[in-house]
Amino acid sequence: MRTVSIGKQNFASLREKNCFYVDKTTFIKEWWESEDDTTLITRPRRFGKRLCL
């Protein structure tokens, strides 16, 4: 059974665990070349809130 993995940084481990991989390279290229006036990029809640280590 294939699973959705969140937070994996190593492509080899994705392949070993038989996880899904979504390649967004074409999507990013199309977005970059679209020359839209405005782009809304959302983020998860509490993402990037910690400023001190």
Partner residues of F20 under the ring-ring contact (aromatic ring centres under 6.0 Å, His included) criterion, sequence neighbours left out:
none
side-chain contact (heavy atoms from CB on, under 4.5 Å) against I41, all qualifying residues, sequence neighbours excluded:
W31, T39
Among all residues two or more places apart in sequence or in another chain, which pass the side chain to side chain donor-acceptor pair (under 3.5 Å) test with S34?
D36
Name the atoms and distances for all side-chain donor-acceptor pairs under 3.5 Å in residues 22-30, with sequence neighbours left out.
{"from": "D23", "atom 1": "OD1", "to": "T25", "atom 2": "N", "distance (Å)": "3.1"}
{"from": "D23", "atom 1": "OD1", "to": "T25", "atom 2": "OG1", "distance (Å)": "2.5"}
{"from": "K29", "atom 1": "NZ", "to": "E33", "atom 2": "OE1", "distance (Å)": "3.4"}
{"from": "K29", "atom 1": "NZ", "to": "E33", "atom 2": "OE2", "distance (Å)": "3.2"}

